[in-house]
Amino acid sequence: FGLENHLGVFALSPSDDGGSNLEWHQYFNHENADVLAQTLSDGPMKGMLGSMANEFGGEIQTTAIGTSPVHVITERIVRVSKDNLWEATAVNFGEIHKWASMIQDASVSGTPNVGTQRSCTTAIGSFKETILSYDEENGQFSYQATGDVPPFATKVVNTWTIKSLDDNTSLLLMHLVIDIAEGTPAPAVGFGKGGVSQAIDLTADDLVYYLENGNYSPRKAMALKSTQ
């Protein structure tokens, strides 16, 4: 499972009915601990404990708690220079609605820099993105999203990194980190992560098309037509 710092603990104690209580605790670090904890609980742990209960009698109960962040990493190679890609995404931070099909409108509170806030409107709600870091020399900026974000998220931060591959080709890396509220059911996190991943993929594709073709992506064109 790719677990890190994995620790298993067995604890035996007498029960009130003359039998025994067996507790099996597993602790580990993993980028998707919330989902994996539920998987282990419903699978191997329940299966092995169930076999013992069937042999010796008794009942089993499993609980899974995962609170580690969810990571969504998206990469695209774009056939434009690093400077052009930086201008489209960072310098023109408030113009995302001009090319992203999911964004109907956007505005910024000032010149893009640390503390600048972008307000975005979509078909299903609105959210704000506040710039946390802005490093033109190293081609990286990050922002925190608030508003209509996944309900299980306690913090949402997206970091964009732009690297030059040659004079006319760049690498775009988007790294989204979502802190999860403790006790959030694993299926909800998995469903939410899937939706967020798809939204970021579509946005990245819209950007690549816009920059490489000098025009809206077909998806953005359809979105604009539907709002007219």
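Small disclaimer: the values here were computed from a predicted structure and weren't measured.
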Quiz item: Given side chains that start at C-beta, do those of T169 and I77 come closer than 4.5 Å, heavy atoms only?
Solution: yes
Self-check item: Close side-chain approach of Q144 and K155, heavy atoms under 4.5 Å
Solution: yes
Quiz item: Do you know the tightest heavy-atom contact between C120 and A106?
Solution: SG-CB, 4.3 Å
Quiz item: Is the count of non-hydrogen atoms from other residues, nucleotides or ligands lying under 6.0 Å from Y216 atom OH greater than 12?
Solution: no
Quiz prompt | Minimum side-chain heavy-atom gap T159-Q140 below 4.5 Å | solution = yes
Practice problem: State whether the number of non-hydrogen atoms from other residues, nucleotides or ligands found under 6.0 Å of Q198 atom CD is greater than 12. | Solution: no
Practice problem: Compute the centroid of each ring, for F141 and then for W86, and state whether the two points are separated by less than 6.0 Å. | Solution: yes
Practice problem: Starting at NZ of K220, measure out to CG of D206 and round the result to the nearest 0.5 Å. | Solution: 8.0 Å
Quiz item: Regarding N158 and Y143, is there a side-chain donor-to-acceptor distance under 3.5 Å anywhere?
Solution: yes
Quiz item: Does some side-chain heavy atom of L85 sit less than 4.5 Å from a side-chain heavy atom of L172?
Solution: yes
Quiz item: Going through the distances and angles, do R76 and D201 end up as a salt bridge (Lys or Arg N to Asp or Glu O under 4.0 Å)?
Solution: CA-CA 9 Å; R76 292 292 187 277; D201 275 336; 3.3 Å; yes
Quiz item: Hey, does S107 have a side-chain heavy atom less than 4.5 Å from the side chain of R118?
Solution: no
Quiz item: Is any side-chain heavy atom of R219 less than 4.5 Å from a side-chain heavy atom of D205?
Solution: yes
